[in-house]
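Note that ligands are numbered from 1 as they come in the structure, with each ligand's atoms numbered from 1 the same way. Source: prediction; values computed, not measured.
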Amino acid sequence: MKRPGLLFMVFILLSASLPAQRNDPFLGITDEKVLPMLKHLPYRHGGMNVPAEDGRLLYDIILDKGYQKGLEIGTSNGYSALWLGIAFKKNGGNLITLEIEPKRAREAQENFEHAGLNDIIDSRINDALKEIPALEGKFDFVFIDAWKPDYIKYLELILPKMNHGGVITAHNVTSEGSSMRDFLEEIQQNPKLSTTIDRSSRAGVSISYVK
Ligand SMILES: C[S@@+](CC[C@H](N)C(=O)[O-])C[C@H]1O[C@@H](n2cnc3c(N)ncnc32)[C@H](O)[C@@H]1O
């Protein structure tokens with residue numbers, strides 16, 4: 001077999017071994033208001049948002065585990081929170097999302113309203129380092145996607161507020177790993193956490209289950 005043919009066969013075999021939603025991150029998303037936003041919002045805002053594949057990864061984790069109480073650190077215009085929000089809506093849960101920049105947070109709030117997710121997503125404008133200590137109750141899902149060198153601080157603040165069996169996820173652990181070495185070391189070595197790294201996007205997502 002010629003080399004291009006062989007490469008094509010390898011590609012087909014690898015594609016077939018991935019879950020179908022990793023080939024099409026929008027597979028099975030039927031919400032008429034949210035679907036167009038999931039498809040088009042990032043392209044209008046230039047790069048700060050998670051790729052759709054990573055949004056889908058987080059959505060699938062929330063649904064698989066039946067999580068109900070979520071926290072996101074770093075809202076921006078709300079793209080990743082839309083993925084999380086529709087998953088929590090399905091589970092009968094809710095999400096708190098934190099953003100330090102008022103202009104971005106207000107844009108996110110408009111997006112949540114447009115998506116019909118206002119009653120699911122509680123969007124707060126504050127420094128996460130100040131807001132997290134004041135949060136009441138426990139969480140079973142956290143997504144960290146804010147200032148990279150502060151990941152270790154977010155982790156230290158959130159760990160005591162996690163339910164057993166919950167998960168702490170974080171974005172850009174591959175693409176910006178050099179800005180968060182202390183965080184990466186901690187999630188691999190902390191005996192209370194069981195961590196894997198999903199490298200299917202260029203950014204990389206850490207997934208740390210709380211024992
Ligand atoms: C990469 S963007 C988030 C993108 C978003 N998660 C998405 O995928 O749609 C990071 C955001 O974190 C915010 N941020 C940085 N430090 C923060 C802090 N200490 N507290 C809250 N938000 C913070 C930034 O203003 C920025 O909007």
Side-chain angles (χ1 to χ4, degrees), residues 25-26 29 33-62 67 70-89 94-115 117-118 120-135 139 141-159 161 167-180 182-183 198 200-207:
F26 308 108
I29 308 281
K33 282 186 189 163
V34 182
L35 184 59
M37 299 176 83
L38 293 179
K39 284 189 173 174
H40 303 299
L41 201 60
Y43 305 108
R44 284 198 275 123
H45 290 274
M48 286 259 293
N49 304 122
V50 298
E53 290 71 17
D54 291 352
R56 180 61 188 239
L57 172 73
L58 302 172
Y59 169 94
D60 285 339
I61 291 172
I62 294 166
Y67 291 144
L71 172 68
E72 177 183 61
I73 304 168
T75 319
S76 185
N77 63 347
Y79 180 72
S80 51
L82 291 175
W83 280 104
L84 309 180
I86 54 170
F88 283 115
K89 186 176 180 179
N94 53 62
L95 173 75
I96 295 173
T97 181
L98 309 177
E99 172 55 55
I100 199 166
E101 290 284 338
K103 193 163 173 275
R104 287 190 200 134
R106 287 201 196 95
E107 192 181 333
Q109 287 162 1
E110 282 171 23
N111 285 328
F112 302 150
E113 187 163 351
H114 185 71
L117 289 170
N118 258 351
I120 306 293
I121 303 176
D122 174 357
S123 160
R124 301 187 185 182
I125 307 173
N126 198 358
D127 181 345
L129 298 173
K130 293 182 183 149
E131 186 72 19
I132 296 170
L135 293 174
F139 294 90
F141 174 92
V142 172
F143 178 49
I144 302 175
D145 190 21
W147 175 238
K148 310 309 166 190
D150 281 348
Y151 275 28
I152 186 70
K153 294 183 191 164
Y154 308 136
L155 179 69
E156 282 163 0
L157 290 175
I158 200 62
L159 257 180
K161 293 175 184 278
V167 71
I168 299 169
T169 61
H171 205 238
N172 301 112
V173 297
T174 307
S175 58
E176 302 194 43
S178 58
S179 309
M180 54 175 90
D182 44 6
F183 170 82
D198 185 295
S200 47
S201 82
R202 196 187 62 80
V205 179
S206 64
I207 303 169

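No donor-acceptor distance shorter than 3.5 angstrom exists from the side chain of Lys153 to the backbone of Leu129, with no hydrogens or angles considered.
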Inventory of protein N or O atoms under 3.5 Å from ligand 1 N or O:
unit_1, atom_1, unit_2, atom_2, d
ligand 1, 6 (N), Gly74, O, 2.9
ligand 1, 6 (N), Ser80, OG, 2.8
ligand 1, 6 (N), Asp145, OD2, 2.8
ligand 1, 8 (O), Val50, N, 2.9
ligand 1, 8 (O), Ser80, OG, 3.2
ligand 1, 9 (O), Asn49, ND2, 2.7
ligand 1, 9 (O), Tyr79, N, 3.4
ligand 1, 9 (O), Ser80, N, 3.1
ligand 1, 9 (O), Ser80, OG, 3.4
ligand 1, 19 (N), Asp127, OD1, 2.9
ligand 1, 20 (N), Ala128, N, 2.8
ligand 1, 22 (N), Ile100, N, 3.1
ligand 1, 25 (O), Glu99, OE2, 2.6
ligand 1, 25 (O), Arg104, NH1, 2.8
ligand 1, 27 (O), Glu99, OE1, 2.7
ligand 1, 27 (O), Glu99, OE2, 3.2
ligand 1, 27 (O), Arg104, NH1, 2.9

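Other residues, nucleotides and ligands contribute at most 12 non-hydrogen atoms within 6.0 Å of the CD atom of Glu113.
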Would you please test Asp127 and Arg124 for salt bridge (Lys or Arg N to Asp or Glu O under 4.0 Å) and show each step? CA-CA 9 Å; Asp127 181 345; Arg124 301 187 185 182; over 6 Å; no
Worked verdict on Phe143 versus Ile168 for side chain to side chain contact (heavy atoms under 4.5 Å, CB included): CA-CA 6 Å; Phe143 178 49; Ile168 299 169; over 6 Å; no
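For the pair Asp60 and Arg56, the minimum side-chain heavy-atom distance is below 4.5 Å.
Phe141 and Tyr67 have tilted rings, their planes meeting at an angle from 30° to 60° on a 0 to 90° scale.
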